[in-house]
Amino acid sequence: MILSQNFYQGSTQKVAKALLGQILVHETPHGLSSGRIVEVEAYLPKNDPGCHAARGKTPRNSVIFGPPGHAYVYFCYGNHFMFNVVTEKEGVPGAVLIRGLEPIKGLELMVQRRTRFESHELGLTNGPGKLVQAMGIQREHNRKPVFKKPLYLMEGERKEKIGVTTRIGLTEGADLPLRFYLEGNGYISVKPGADRFSPGMKKKLKSSPLKKAV
DNA sequence: AGCAAGATTAGC
DNA sequence: CTAATCTTGCTA
């Protein structure tokens with residue numbers, strides 16, 4: 001069953017956890033590829049400086065303010081796209097970033113889409129930029145519904161426990177525990193406990209070394 | 001109009 | 001550890 005639009009209209013954190021274990025599917029002329037969601041991050045409507053919507057509505061982020069169940073595809077660092085699903089009812093800005101997939105179908109297709117990097121299977125979908133590439137998600141998918149073909153989410157299964165950590169790579173709101181993942185899964189982008197800083201955060205730390213980031 | 005920063009990745 | 005790479009949004 002394809003997840004219906006009302007699956008996404010709840011609170012962002014709730015939807016983020018509910019998305020773990022669900023299946024992301026993309027049907028293209030080249031074939032079908034799919035993967036199970038194993039890692040996500042929540043971006044909240046309120047008190048979340050890390051959310052793109054935190055500084056108000058702009059042409060780029062306006063889709064997060066719109067109705068739930070739509071894709072927010074964001075171009076980052078000049079090389080990579082991020083795939084988010086819009087949450088909350090219309091007018092309330094919230095989104096969930098998909099950060100890790102466990103490949104199910106279309107492995108060949110995924111490898112093909114990422115061949116130029118000669119990635120091994122584990123490196124195929126264990127990161128937001130990677131899975132977007134492996135699934136063949138593109139700029140055009142921005143603002144498209146994810147409760148309709150060709151790019152949509154299906155009901156999956158979750159047996160694993162949900163782990164929680166802070167979000168990865170943020171300069172603002174980096175201390176909030178809004179990253180959720182399936183414990184023990186091999187397709188998690190960054191292992192819990194590993195410290196990693198975004199270029200922006202490094203710069204920030206450098207300019208004020210005394211100001212320790214909690 | 002110009003510039004800095006960014007929800008990352010791969011390669012040294 | 002750091003360059004790559006380019007769009008967006010802010011500042012002048």
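Below, read A as the first sequence line, B as the second, and so on, with proteins coming before strands; counting in each chain starts at 1.
Within 4.0 Å (heavy atoms only), Arg99(A) reaches sugar-phosphate atoms of the nucleic acid but no base atom. Within 4.0 Å of Lys202(A), counting heavy atoms only, lies at least one base atom of the nucleic acid. Nucleic acid contact for Thr171(A): sugar-phosphate only, since backbone atoms but no base atoms lie under 4.0 Å from a heavy atom of the residue. Heavy atoms of Pro59(A) sit under 4.0 angstrom from primed sugar atoms or phosphate atoms, though from no base atom. Using a 4.0 Å heavy-atom cutoff across all strands shown, Arg60(A) reaches sugar-phosphate atoms only and no base atom.
Ion pairing between a basic and an acidic side chain is recognised when a charged N comes within 4.0 Å of a carboxylate O; Glu160(A) and Arg36(A) show such pairing. The pair Glu183(A)-Lys161(A) fails the salt-bridge criterion, with no side-chain N (NZ, NE, NH1 or NH2) lying under 4.0 Å from an Asp/Glu carboxylate O. A salt bridge links Arg99(A) with Glu41(A): the closest approach of a Lys/Arg side-chain nitrogen to an acidic carboxylate oxygen falls below 4.0 angstrom. Salt bridge absent: Arg167(A) and Asp175(A) never bring a charged side-chain N and a carboxylate O closer than 4.0 Å.
Residues that satisfy the side-chain contact (heavy atoms from CB on, under 4.5 Å) test with Thr58(A), not counting sequence neighbours, are Arg60(A), Asn61(A).
One interatomic measurement links the two molecules: CE of Met201(A) to P of dT2(C), which rounds to 17 Å at whole-angstrom precision. A straight line from CG of Leu44(A) to C1' of dA7(B) spans 13 Å, rounded to a whole angstrom. With rounding to whole Å, Arg167(A) atom CZ is found 14 Å from dG6(B) atom P. When the P atom of dG6(B) is taken as reference, atom CD1 of Ile168(A) falls 16 Å away, rounded to whole Å. At whole-Å resolution of the value, CD in Glu41(A) and P in dA7(B) are 10 Å apart. Between Ile137(A) atom CD1 and dA7(B) atom P there is a gap of 18 Å when expressed in whole angstrom units. Atoms CZ (Arg196(A)) and P (dT9(B)) sit 6 Å apart, rounded to a whole Å. Between Leu97(A) atom CG and dG6(B) atom P the separation is 16 Å, expressed in whole Å.
Summarising the base pairing, dA7(B) is matched to no nucleotide, lacking a Watson-Crick or G-U wobble pair whose two defining distances lie under 3.5 Å. Pair assignment for dA1(B) gives dT11(C), based on Watson-Crick or G-U wobble hydrogen-bonding distances that are each under 3.5 Å. In this entry dT5(C) has no Watson-Crick or G-U wobble partner, no candidate having both defining distances under 3.5 Å.
Contact between the side-chain N/O atoms of Arg114(A) and the OP1/OP2 oxygens of dA10(B) is found at a separation under 4.0 Å. When the side-chain nitrogen and oxygen atoms of Thr58(A) are compared with OP1 and OP2 of dT8(C), none of them lie within a distance under 4.0 Å.
Only Tyr74(A), Tyr77(A), Gly78(A), His80(A), Met82(A), Asn84(A), listed by number, bring a heavy atom of residues 74-89 of chain A to less than 4.0 angstrom from any atom of DNA chain B.
Between the side chains of Tyr152(A) and Glu27(A), at least one donor N or O sits under 3.5 Å from an acceptor N or O.
The aromatic rings of Phe81(A) and Phe75(A) sit tilted, their planes meeting at an angle between 30° and 60°.
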